[in-house]
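Right, one structure below, let's go through it.
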Amino acid sequence: MHNENQPLIFEVSKPGRIGYSLTELDVPEVDLDALLPDTFVRKDAPELPEVSELDIMRHYTALSNRNHGVDTGFYPLGSCTMKYNPKINEAVARMAGFANIHPLQAESTVQGAMEVAYDLQEHLSEITGMAEVTLQPAAGAHGEWTALMMIRAFHEANGDTDRTKVLVPDSAHGTNPASATVAGFDTVTVLSDENGLVDIEDLRSKVDSQTAALMLTNPNTLGLFEEHILEMAEIVHGAGGKLYYDGANLNAIMSQARPGDMGFDAVHLNLHKTFTGPHGGGGPGSGPVGVTEELAPYLPKPVLEKHDGVFTFNYDRPQSIGRVKPFYGNFGIYLRAYTYIRSMGPDGLKSVTENAVLNANYMMRRLEPYFDLPYPQHCKHEFVLSGRRQKKLGVRTLDMAKRLLDFGFHPPTVYFPLNVEEGMMIEPTETESKETLDSFIDAMIQIAKEVEENPEIVQEAPHTTVINRLDETKAARKPILRYTPATEEELVKA
Ligand SMILES: *Cc1c(COP(=O)(O)O)cnc(C)c1O
């Protein structure tokens, strides 16, 4: 699979070899040396590799083969949802009429693009059960913050300036307390009960006249559906607070239940999770926010509207919290999400949820005999195993995660959530075949057996990857960030 012996670019460099050809210059040449101050002008030519077109192609292809991605293998990274990226999405996002428009073009010339964004808003409000949606936020956490700023604006408009606290269960995603803090609130942690769900009595005791909102991650980070949402809504609304739904992982409930119908006032979605936006390298993402009629006046501006078949950006929104993203967010991700929603249709989206939940439960039950399962009730789209049984035998969850690489699998999320010792958070997603799920399960079972019979093989893993076990301390403290080409001698040996 990995082409380990493919020499990298510096090593195949030969003086004078060229991999490109340029057309003749048809404008006057500029003398850069004359334009730049002396200190900025190089005395010697940079030591760049000189290679042919094939060399450079093979260099980058070899590098890409050293990475694991959804296009190369199973990627059960819980909470981060590396879902499949349909290739039709890419075809649509690259269409010239979309890809070549300029963000400063006149509205009259980009009506088609505005229609896509508007229609996406409409679909997302239908899917979430919310009155209005903004597409502006660029990530899930950005959506959380945007919604909290709207909730704050709402309370302030009502003269309710004392609402300084946001309640966040200890099973929430880590971005929730962070967003609340950045939005200027104090966070109050709500404890979980023995079933891993929000402890209703603890919630009741912490809600008061200073409560601005409760942020609920549902399913929570244990992959469990919060069973007492209507009661929570009653408690929080009863005290004048608002209810926020972290819907990053909507693939757990999509087309089965809607946050709007459960009494939530605001919800964010991650288009780069549930709605097949590719993610990696930190972006671009998209974290749309849906709100009730009551919160709609505070939506970020401009608001995308449709009047008599014409799409316009409305800036005349006096109560708006303002713009949260330049232009209108990450349009390329809207195209992908829109393509996905339209190609799946309502029944397709329903089957996504059914299969995501079925796959997670199938895997959980088959692995249950081999690993500890701290919360044994049915899960939603993901579940959390504990490696504490293996830890007693001297093998850590980290070792098992590394060992999975030898089987060609990306490991699950490890050591998260924090409330599970030696946690392994596994999200199979809806798109994998039963054969893939089974081969991952078989690998996990084999690793559990190795821990008992031959722990060294796990402790020293991975054995088959280009880079073997890293010294993590050294990698953090003394990283080698500069590539040193192999010597002639080393190359001959290889
Ligand atoms: C991923 C995730 C987030 C944060 O989304 P980003 O786009 O990474 O900011 C928030 N909540 C949950 C439950 C998530 O899984």
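Order of appearance sets the numbers: ligands from 1, and atoms from 1 within every ligand.
Ion pairing between a basic and an acidic side chain is recognised when a charged N comes within 4.0 Å of a carboxylate O; Lys350 and Asp347 show no such pairing. Checked for salt-bridge contact, Lys474 and Asp471 miss the test: no charged N lies under 4.0 Å from a carboxylate O.
Sequence neighbours left out, the pairs with a member in residues 208-221 that pass salt bridge (charged side-chain N to carboxylate O under 4.0 Å, His left out) are Lys165-Asp208. The stretch residues 420-447 participates, sequence neighbours left out, in these ring-ring contact (aromatic ring centres under 6.0 Å, His included) pairs: Phe74-Phe440, Phe409-Phe440.
In this structure, ligand 1 sits under 4.0 Å from heavy atoms belonging to Ser79, Ala139, Gly140, Ala141, Glu144, His173, Thr175, Thr217, Asp246, Ala248, Asn249, Asn270, His272, Lys273.
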Legend entry - Trace of the side-chain contact (heavy atoms from CB on, under 4.5 Å) decision for Thr161 with His155: CA-CA 7 Å; Thr161 48; His155 288 312; over 6 Å; no

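Residues forming a side chain to side chain donor-acceptor pair (under 3.5 Å) with Glu132 (at least two apart in sequence, or on another chain): none.
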